[in-house]
Number of protein chains: 2
Amino acid sequence: MKTYSVVIVDGHVLLSQAIAHLVDSFEEFETLYICNNGQELLDKLKQNSVLPDIVLMDICMPELNGIQTTQLVSEIYPRINILALTADEDEHSIINMLRAGAKGYLFKSIEKSELEIALVDVITQGYHHTKNVSDVLIKFLMGESESKKVNLKQQELQFIRYVCSEMTYKEIAKSMYRSPKTIDGYRDALFKKLQVKNKIGLVMYAIKHKLYTP
Amino acid sequence: MKTYSVVIVDGHVLLSQAIAHLVDSFEEFETLYICNNGQELLDKLKQNSVLPDIVLMDICMPELNGIQTTQLVSEIYPRINILALTADEDEHSIINMLRAGAKGYLFKSIEKSELEIALVDVITQGYHHTKNVSDVLIKFLMGESESKKVNLKQQELQFIRYVCSEMTYKEIAKSMYRSPKTIDGYRDALFKKLQVKNKIGLVMYAIKHKLYTP
DNA sequence: GGGACAAAGCGGTTTTACCCTGTGTGAAAT
DNA sequence: ATTTCACACAGGGTAAAACCGCTTTGTCCC
């Protein structure tokens, strides 16, 4: 008997459809609908009177990404269980997704049987954490993690994006309408804050943390 | 009637399984087996006497990636039709995949009906090219593409990876057992060859072209 | 062998990056 | 009203990066 409804949110339609098939093949679950991005999910939730029991959410999506969407949805509809389902296996994504309110984090490299277990778990227990994810969480709690939430100001974000272009600091200063010495200050502050020693470090940080997309 | 067999190669098991479901839902196609990476595909092809009609191949995979695998398989088993099926939409991947012998290039953002059309096409016509892919091909042939195959020497590859770390040229010189001045030469040569003006440009090139993974 | 040519290596020079310390100025806190 | 703090900015110095031109080395071809 189909008792629980699932919504799938993934930027890649073919994958959404394929996963929908898979979900429908499970005893107790059925796909309610699929969405291409976070905005579409919000719209559908507003329109439909029937709320899903579970949302399977990818992270990498155009417009509204998985983390932002999770944050919004879990605030407005706390009864919906959101499970991350993504290829993104890095620490930051996991931490941020769980912080945003996800009830579990699944890699796309799991077996379909594990997906079913996760779905059942989240219904019966309210969460599902695999070993990999637990390890990251523990590492994080132990303070061994580098994800100590560094929050960057708008200005610093803009600066770091300029650094990723081939501009010199002098050129960046012009573009940002600041004195070159001020730019020196921005740089030094970021070096300290992000624990890097030069421009290259900044660029790598920006790319790893998706502040800049090559 | 199930007449044509399909093999799916994708680093993410859940996706392979989901797509397999989808393929099995099509009239004329059925999944023969799935593989987690290129090496596994080569092994299976060697072991089994029955060869698949079509291989759906992802690019991003551990060990042997999709492009390398396609090259090998299309040389040894020219009768197998390889279709790229990937989230990777950049020009380089498309060009390299087709150069390696793929009979078509599908984005994971297509509809499942399009997947079926592509499978039928590749059986009846021997290829399937969507508009997006054709556009890239034309652009490439017109010489407007930046993919003008710059081939880098082993030395230059190693150097460019060092540059992506936060090392100075002096440190790189030590690591590569070369004089700092020689390293200067490597750098200048690469600046010219890759049309960049500084270290940052090199780093961006390396990342865009997957010479270095952050 | 010797000339043509490209790549590797090297010295000197200028520009940029990096680092430390310090000043003035507003806005918020006490 | 003064303390505090964040911010824009400056001077001045060293190290590194980037650019130029020159010599050496090796290879290919007559």
Side-chain angles (χ1 to χ4, degrees), chain A residues 143 146-214, chain B residues 143 146-214:
Chain A
E146 354 138 20
S147 304
K148 296 205 192 74
K149 194 169 194 176
V150 178
N151 60 337
L152 301 176
K153 281 159 266 182
Q154 207 48 44
Q155 214 169 198
E156 293 178 313
L157 285 174
Q158 196 191 351
F159 168 73
I160 214 169
R161 282 189 198 109
Y162 275 125
V163 170
C164 290
S165 72
E166 295 181 43
M167 291 162 87
T168 65
Y169 292 125
K170 209 192 286 182
E171 291 166 339
I172 295 175
K174 260 190 196 159
S175 299
M176 290 182 73
Y177 306 103
R178 291 283 181 288
S179 138
K181 284 297 179 181
T182 303
I183 295 299
D184 269 12
Y186 292 175
R187 170 176 39 92
D188 294 347
L190 280 173
F191 280 3
K192 220 173 159 187
K193 210 187 277 192
L194 308 181
Q195 312 231 59
V196 299
K197 22 190 286 259
N198 53 33
K199 259 180 149 175
I200 306 293
L202 284 184
V203 170
M204 284 308 169
Y205 183 92
I207 290 169
K208 273 184 200 151
H209 296 251
K210 299 173 195 186
L211 308 180
Y212 180 88
T213 317
Chain B
E146 353 140 20
S147 304
K148 297 208 190 71
K149 195 168 193 178
V150 179
N151 60 335
L152 301 174
K153 280 160 264 181
Q154 206 49 43
Q155 216 172 196
E156 293 178 314
L157 284 174
Q158 196 191 352
F159 169 72
I160 214 168
R161 282 190 198 108
Y162 275 124
V163 170
C164 291
S165 73
E166 296 182 42
M167 291 163 86
T168 65
Y169 292 126
K170 211 191 283 182
E171 290 167 339
I172 296 175
K174 258 188 198 160
S175 299
M176 290 182 72
Y177 306 103
R178 293 281 183 290
S179 141
K181 285 297 176 180
T182 305
I183 295 297
D184 270 11
Y186 291 176
R187 171 177 41 90
D188 293 345
L190 279 173
F191 280 3
K192 220 172 157 186
K193 211 188 276 194
L194 308 180
Q195 312 231 57
V196 298
K197 20 190 292 255
N198 54 32
K199 257 180 150 175
I200 307 293
L202 284 184
V203 170
M204 285 306 168
Y205 183 92
I207 291 170
K208 274 184 201 152
H209 297 251
K210 296 169 195 192
L211 307 179
Y212 179 87
T213 317

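Note that the structure is a prediction, hence the values are computed from the model and not measured. Protein chains get the first letters and strands the later ones, always in sequence-line order, with residue 1 at the start of each.
Residue contacts shown for A:D184 include a base, since a base heavy atom lies under 4.0 Å away.
Within a 6.0 Å radius of CD in A:E171, other residues, nucleotides and ligands contribute more than 12 heavy atoms.
The CD1-C1' distance, from B:I172 to D:dA18, rounds to 14 Å in whole Å. Atoms CD1 (A:I200) and P (C:dC18) sit 8 Å apart, rounded to a whole Å. Between the C1' atom of C:dA17 and the NZ atom of B:K197 lies a distance of 14 Å, rounded to the nearest Å. The CE atom of A:M167 sits 16 Å away from the C1' atom of C:dA17 (whole-angstrom rounding). Rounding to whole angstrom units, CG of residue B:L202 and P of D:dA17 are separated by 12 Å. Atoms CG (B:L190) and P (D:dA17) sit 15 Å apart, rounded to a whole Å.
One distance of note links NZ of A:K197 with OG1 of B:T168; it measures 7.0 Å at 0.5 Å rounding.
Taking every side-chain heavy atom of B:D188 into account, D:dC20 is the closest of D:dC20, D:dC9, C:dG9. Here the side chain of B:T182 is nearest to one of C:dC19, D:dC19, C:dG9, namely C:dG9.
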Can you name the atoms? Protein N/O to nucleotides 5-7 of chain D N/O, anything below 3.5 Å, with the distance.
| residue | atom | partner | partner atom | Å |
| --- | --- | --- | --- | --- |
| D:dC7 | OP1 | A:K153 | NZ | 3.4 |
| D:dC7 | OP2 | A:K153 | NZ | 3.0 |

Give every pair of a protein N or O atom and an N or O atom of nucleotides 13-16 of chain D that lie under 3.5 Å apart, one pair per line with the distance.
| residue | atom | partner | partner atom | Å |
| --- | --- | --- | --- | --- |
| D:dA16 | OP2 | B:K170 | NZ | 3.1 |

